[in-house]
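Note that the structure is a prediction, hence the values are computed from the model and not measured. The figures that follow rest on heavy atoms only: side chains count, while hydrogens, waters and symmetry mates do not. Labels below follow one simple rule: chain letters A, B, ... track the order of the sequence lines, proteins then strands, and each chain is numbered from 1.
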Number of protein chains: 2
Amino acid sequence: MFPPSAISTSQPALAMLARTPWIREPVENGSEWESGLASTGTVMHFAQDQEIYGEGDDALTFFKVVSGVVRTCKFLADGRRQIDSFHIVGDVFGVEADAEHAFCAQAVCDCTVVAYRRRGLETAASTDADLSRHLFSHAMRTLSRAQDHALLLGRKSAIEKVAAFLVEWAAHSPGAVIVSLAMTRQDIADYLGLTIETVSRTLSHLERAAIIELSSARQIRLKDPAALRVLNS
Amino acid sequence: MFPPSAISTSQPALAMLARTPWIREPVENGSEWESGLASTGTVMHFAQDQEIYGEGDDALTFFKVVSGVVRTCKFLADGRRQIDSFHIVGDVFGVEADAEHAFCAQAVCDCTVVAYRRRGLETAASTDADLSRHLFSHAMRTLSRAQDHALLLGRKSAIEKVAAFLVEWAAHSPGAVIVSLAMTRQDIADYLGLTIETVSRTLSHLERAAIIELSSARQIRLKDPAALRVLNS
DNA sequence: CGATTGCTTGATACCTCTCAACCCAGGTGG
DNA sequence: CCACCTGGGTTGAGAGGTATCAAGCAATCG
């Protein structure tokens with residue numbers, strides 16, 4: 001699961017992360033958690049496309065993104081892939097109810113994560129009602145995203161899917177004129193249930209319609225965000 | 001939300017339901033819960049296609065199916081529908097993290113449910129670690145189903161989708177030779193991200209391949225369950 | 001440089017949708 | 001009892017959207 005090279009035992013002071021107040025980063029002077037979680041987070045680095053954990057691996061740890069982007073995905077026997085979610089800074093992933101990870105997690109680009117021991121979370125949650133509420137609400141938010149995603153996959157056309165993706169991804173950098181994509185067309189396609197060709201064609205289509213502008217393949221200017229939102233039905 | 005006719009104040013002794021030990025049915029002699037939840041479950045009946053709650057309704061209650069089948073679904077602005085899940089006896093639905101229901105819930109056929117006050121669950125969970133663990137695990141199981149569903153919607157062909165549906169639904173009556181469908185072709189189509197015609201054609205196709213036999217439209221004999229499972233990749 | 005990788009574009013195939021007709025079972029009313 | 005109606009389901013013909021196969025382009029990297 002963890003290539004030795006990926007593990008860093010150092011615990012630098014990390015910038016405050018906004019998303020998950022119920023999980024603190026390891027702090028400079030020790031490994032105690034504000035929430036009372038008596039577990040040490042381990043900072044780890046992964047290179048692009050490196051696997052963080054595989055589908056079916058023992059779920060002994062869960063993770064929080066410090067920098068970069070992580071994707072979680074499932075595969076069919078013949079290799080077809082469905083990306084469930086892209087995780088950005090502050091996002092927690094790999095929390096499971098079962099003993100095994102239901103997904104595989106990979107680095108979309110070079111990234112840094114903190115790994116936490118699952119046992120620590122579970123024992124802490126059993127006595128800390130507040131933490132336990134946070135855990136539940138994390139699960140429910142993840143669920144809600146998965147359900148919206150199912151609506152997209154089951155009932156939206158290619159152009160609606162791509163528009164939804166752009167709107168969702170743009171929300172991560174509010175106010176920005178240009179959206180920077182960390183992932184390849186293949187990632188986008190596997191997230192939206194399309195092929196790379198259809199993604200590419202659809203982006204070109206949106207550009208011809210003067211709704212977006214492809215400064216480069218990964219740099220997209222949203223010229224008409226309202227039009228994109230309309231496509232989200 | 002609740003058509004007055006649907007509410008029954010009587011609380012008959014209900015058969016023991018296996019699925020959710022963390023939520024008991026109201027018992028004959030009172031309304032106390034074994035789990036310590038000090039809230040009364042209200043037995044309610046709904047006719048086929050009747051709405052139990054709508055998308056965006058205040059999530060003041062959640063439900064457990066006593067008999068019949070319930071579907072939870074979302075809609076796009078133009079009416080396209082995606083069914084998230086079919087709920088059968090013992091299933092809990094309508095548990096939310098937000099103030100509002102994320103879905104709409106409707107009766108697939110005439111059915112009976114018990115409605116529970118959400119507040120009761122929440123206050124009980126705040127002091128009962130075990131209940132709170134059950135709540136979390138319920139959320140995670142629902143999440144896991146939603147994620148498998150997303151893989152199906154995004155990456156499977158029509159025949160694989162239908163096969164998956166039959167296998168999943170057949171699992172509800174293990175050992176049975178004939179699978180009884182409670183839902184219409186439209187329900188199946190909206191669950192699988194297909195049209196009714198494609199569902200119908202695919203079932204005919206499976207029948208011609210001697211994998212199933214349509215005793216009637218809603219009664220399906222699985223002649224070759226192994227073949228169905230193979231189609232699930 | 002050549003090789004590689006990611007992306008775009010074109011031609012064509014094919015799967016699923018759309019539109020339409022028809023069938024069938026069940027219910028209703030004459 | 002039968003004619004009729006209705007709703008759900010099936011089937012066919014054709015259209016259309018997305019996939020597939022293939023070629024070419026640009027940027028990056030040995």
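No side-chain N or O of S180(B) forms a donor-acceptor pair with one of R218(B) less than 3.5 Å apart. Between the side chains of S216(A) and Q219(A), no donor N or O sits under 3.5 Å from an acceptor N or O. For the 3.5 Å distance criterion, the side chains of E168(A) and Y191(A) qualify, holding a donor opposite an acceptor.
Atoms CZ (R185(B)) and P (dT16(C)) sit 17 Å apart, rounded to a whole Å. One can place CD of Q186(A) at 13 Å from C1' of dT20(D), the figure rounded to the nearest angstrom. Atom pair L194(A):CG and dC7(C):C1' shows a separation of 16 Å (rounding to whole Å applied). Whole-Å rounding puts the K161(A) NZ to dT18(D) C1' distance at 9 Å. A straight line from CG of D78(A) to P of dT20(D) spans 11 Å, rounded to a whole angstrom. Q219(B) has its CD atom 14 Å from the P atom of dA25(C), to the nearest Å. Summarising the geometry, the separation between CD1 on I196(B) and P on dT11(D) is reported as 13 Å, rounded to the nearest angstrom. At whole-Å resolution of the value, CZ in R155(B) and P in dT16(C) are 13 Å apart.
Applying the 4.0 Å criterion to OP1 and OP2 of dT18(D), one finds that T198(A) has every side-chain N and O outside that range. OP1 or OP2 of dC7(C) lies within a sub-4.0 Å distance of a side-chain N or O belonging to R218(A). Close to dC17(C), at under 4.0 Å from its OP1 or OP2, lies a side-chain N or O of T195(B). One finds a side-chain N or O of S204(A) lying less than 4.0 angstrom from the OP1 or OP2 phosphate oxygen of dT9(C).
F165(A) and W169(A) have parallel rings, their planes meeting at less than 30° on a 0 to 90° scale where 60° marks the start of perpendicular.
Closest to the side chain of E197(B), out of dG12(D), dA22(D), dT18(D), is dG12(D). Of all nucleotides listed (dA11(C), dT16(C), dC7(C)), dC7(C) comes nearest to the side chain of A217(A). Side-chain proximity of L214(B) to the nucleotides dT18(C), dT9(C), dT10(D) is greatest for dT10(D). For R201(A), taking side-chain heavy atoms from C-beta onward, the closest of the listed nucleotides dT18(D), dG10(C), dC7(C) is dG10(C).
Backbone-only engagement by S157(B) is indicated by non-hydrogen atom pairs under 4.0 Å involving sugar-phosphate atoms exclusively. Using a 4.0 Å heavy-atom cutoff across all strands shown, T184(B) reaches sugar-phosphate atoms only and no base atom.
Screening V66(B), V89(B), V70(B) against V113(B) for a side chain to side chain contact (heavy atoms under 4.5 Å, CB included) leaves a single residue, V70(B).
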